[in-house]
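Protein chains get the first letters and strands the later ones, always in sequence-line order, with residue 1 at the start of each.
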Number of protein chains: 2
Amino acid sequence: MLSIYPLDNFGFLDIIYLKIKIIFKGRWYAMGINSKEFRMTKPREVVLAVLRSRKGHLTADEIFEVAKELYPSIGFASVYRSLRLFEKYGIVEVVSFGNRRKKHYQLKNRRTKVKIHLVCTNCAKIKDFSERNKEVKRFLKEISETLYNKYKFKLSSVDMQIFGECEECKK
Amino acid sequence: MLSIYPLDNFGFLDIIYLKIKIIFKGRWYAMGINSKEFRMTKPREVVLAVLRSRKGHLTADEIFEVAKELYPSIGFASVYRSLRLFEKYGIVEVVSFGNRRKKHYQLKNRRTKVKIHLVCTNCAKIKDFSERNKEVKRFLKEISETLYNKYKFKLSSVDMQIFGECEECKK
DNA sequence: CTGCATGCAAACCCTTTGCATTGGG
DNA sequence: CCCAATGCAAAGGGTTTGCATGCAG
């Protein structure tokens with residue numbers, strides 16, 4: 001069932017789940033896939049908005065905190081449920097870090113097969129390092145070939161956590 | 001306080017925590033650091049033995065199951081406590097995989113800054129890929145320099161999870 | 001005798017689920 | 001009107017902690 005509704009912060013990710021964006025009377029609208037399977041409801045919209053507002057990984061409770069400001073009646077369960085749904089739809093991806101307990105959620109970048117995080121072992125801060133520089137690109141290409149030739153393992157994506165000491169902590 | 005006790009499966013890792021190994025009457029013995037801080041007790045020995053017996057990552061309950069065979073009275077808590085102690089001492093390291101719940105534990109290889117796991121997104125099997133081939137080495141060297149020059153981030157180690165489809169699943 | 005390490009069970013944290021209710025299509 | 005999505009609270013899974021006891025030094 002198709003539906004049309006306004007969007008104020010239209011990002012590239014909307015294309016993934018909304019299929020079509022249009023302008024009507026000077027405002028962005030989205031023609032959505034509001035099907036039985038996937039209805040873009042307020043809680044889901046808010047979770048997505050929170051993820052989009054920050055560039056990187058957030059824990060579920062961080063998302064919940066910010067989401068409550070945008071939509072106070074939202075519940076914890078909806079946040080988790082939205083996240084899992086988004087993961088299923090390839091909109092969100094989950095990252096874990098070594099011995100840390102909480103999972104981190106972030107928007108999936110369709111273009112990068114690789115996600116890289118710099119994890120400071122001193123102050124515990126985590127920073128994205130998603131840039132596809134030439135080292136990363138070359139490594140990806142080579143390792144992908146090696147794995148296929150040697151192990152018949154067909155690489156689809158890579159998670160990388162780089163541990164070390166960040167600039168502030170070195171001072 | 002020094003103590004001497006026999007060891008049957010003496011591995012290189014013992015050097016890390018035991019400092020000295022000796023032969024007495026044709027058998028390996030270890031002269032240990034049985035201090036207040038770190039006493040090599042039966043449960044700890046067993047956990048270590050289990051980790052050594054398998055090459056790769058194990059979950060806590062997998063470790064517990066095998067440990068019980070070696071030492072039936074062992075408790076869950078001791079397994080976890082040993083693991084955390086070993087982690088603190090740099091003997092064990094913890095790895096997490098994307099959205100999976102359980103942590104995996106494995107002996108830390110002092111030589112490799114990089115640990116790489118091949119994770120099959122179909123059958124969920126995880127395989128070590130610790131070999132330090134030239135692609136990995138070069139990438140490590142380059143990325144380490146880049147990070148330092150650009151972000152003043154001093155790399156100490158890297159965790160990598162490579163997702164994809166394994167040989168059996170492709171068939 | 002002293003105090004660390006243990007085993008047990010209960011607590012804990014994060015995440016998921018059951019259920020009655022709501023509200024959009 | 002129907003059924004998927006919600007919020008609440010309770011359950012669940014994995015890990016940690018409190019406590020009485022055991023045991024090595």
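OP1 or OP2 of C/dT17 sits under 4.0 Å from a side-chain N or O of A/Arg84. Taking side-chain N and O atoms only, B/Arg44 has a distance below 4.0 Å to OP1 or OP2 of C/dA5. When the side-chain nitrogen and oxygen atoms of A/Tyr80 are compared with OP1 and OP2 of C/dT16, none of them lie within a distance under 4.0 Å.
Scanning atom types as modelled, one donor and one acceptor separated by under 3.5 angstrom connect the side chain of A/Arg81 and the base of D/dG7.
Atom CD in B/Glu45 sits about 13 Å away from atom P in D/dA24, given to the nearest Å. In this structure, A/Lys42 atom NZ and C/dG24 atom P are separated by 12 Å, rounded to whole Å. Following rounding to the nearest Å, A/Leu83 (CG) and C/dT16 (C1') show an atom-to-atom distance of 13 Å. As rounded to whole Å, 18 Å separates atom P of C/dC13 from atom NZ of A/Lys103. Here the P atom of nucleotide C/dT16 and the CG atom of A/Asp61 are 13 Å apart, to the nearest Å. Per the geometry, NZ belonging to B/Lys88 stands 12 Å off P belonging to C/dC4, to the nearest Å. Per the geometry, CZ belonging to A/Arg101 stands 16 Å off P belonging to C/dA11, to the nearest Å. One interatomic measurement links the two molecules: CG of A/Leu85 to P of D/dT6, which rounds to 9 Å at whole-angstrom precision.
Residue A/Ser73 is in sugar-phosphate contact alone, with no base atom involved, counting any heavy-atom pair closer than 4.0 Å across all strands shown. Looking at heavy-atom distances under 4.0 Å, B/Phe64 makes no contact with the nucleic acid at all.
A salt bridge links A/Lys102 to A/Asp61: one of the charged nitrogens lies within less than 4.0 Å of a carboxylate oxygen.
Aromatic pair B/Tyr151/A/Phe129: ring centres closer than 6.0 Å.
Mapping B/Ala77 and A/Tyr71 onto DNA chain D via the closest heavy atom, the residue that lands nearer the 5' end is A/Tyr71. Nearest-nucleotide positions on DNA chain C for B/Val79 and B/Asn99 put B/Val79 closer to the 5' end.
The aromatic rings of B/His104 and B/Phe97 sit perpendicular, their planes meeting at an angle over 60°, well past the 30° parallel limit. In this structure, B/Phe64 and B/Phe76 have parallel ring planes: the angle between them is below the 30° cut-off, well short of the 60° mark.
Relative to the side chain of B/Lys102, the nucleotides D/dG7, C/dA9, D/dG14 differ in distance, and D/dG14 lies closest. Residue B/Thr41 has its side chain nearest to C/dA5 when only C/dA5, D/dT6, C/dG7 are considered.
B/Pro43 pairs with exactly one of B/Thr41, B/Val47, B/Val46 by the side chain to side chain contact (heavy atoms under 4.5 Å, CB included) rule, that one being B/Thr41.
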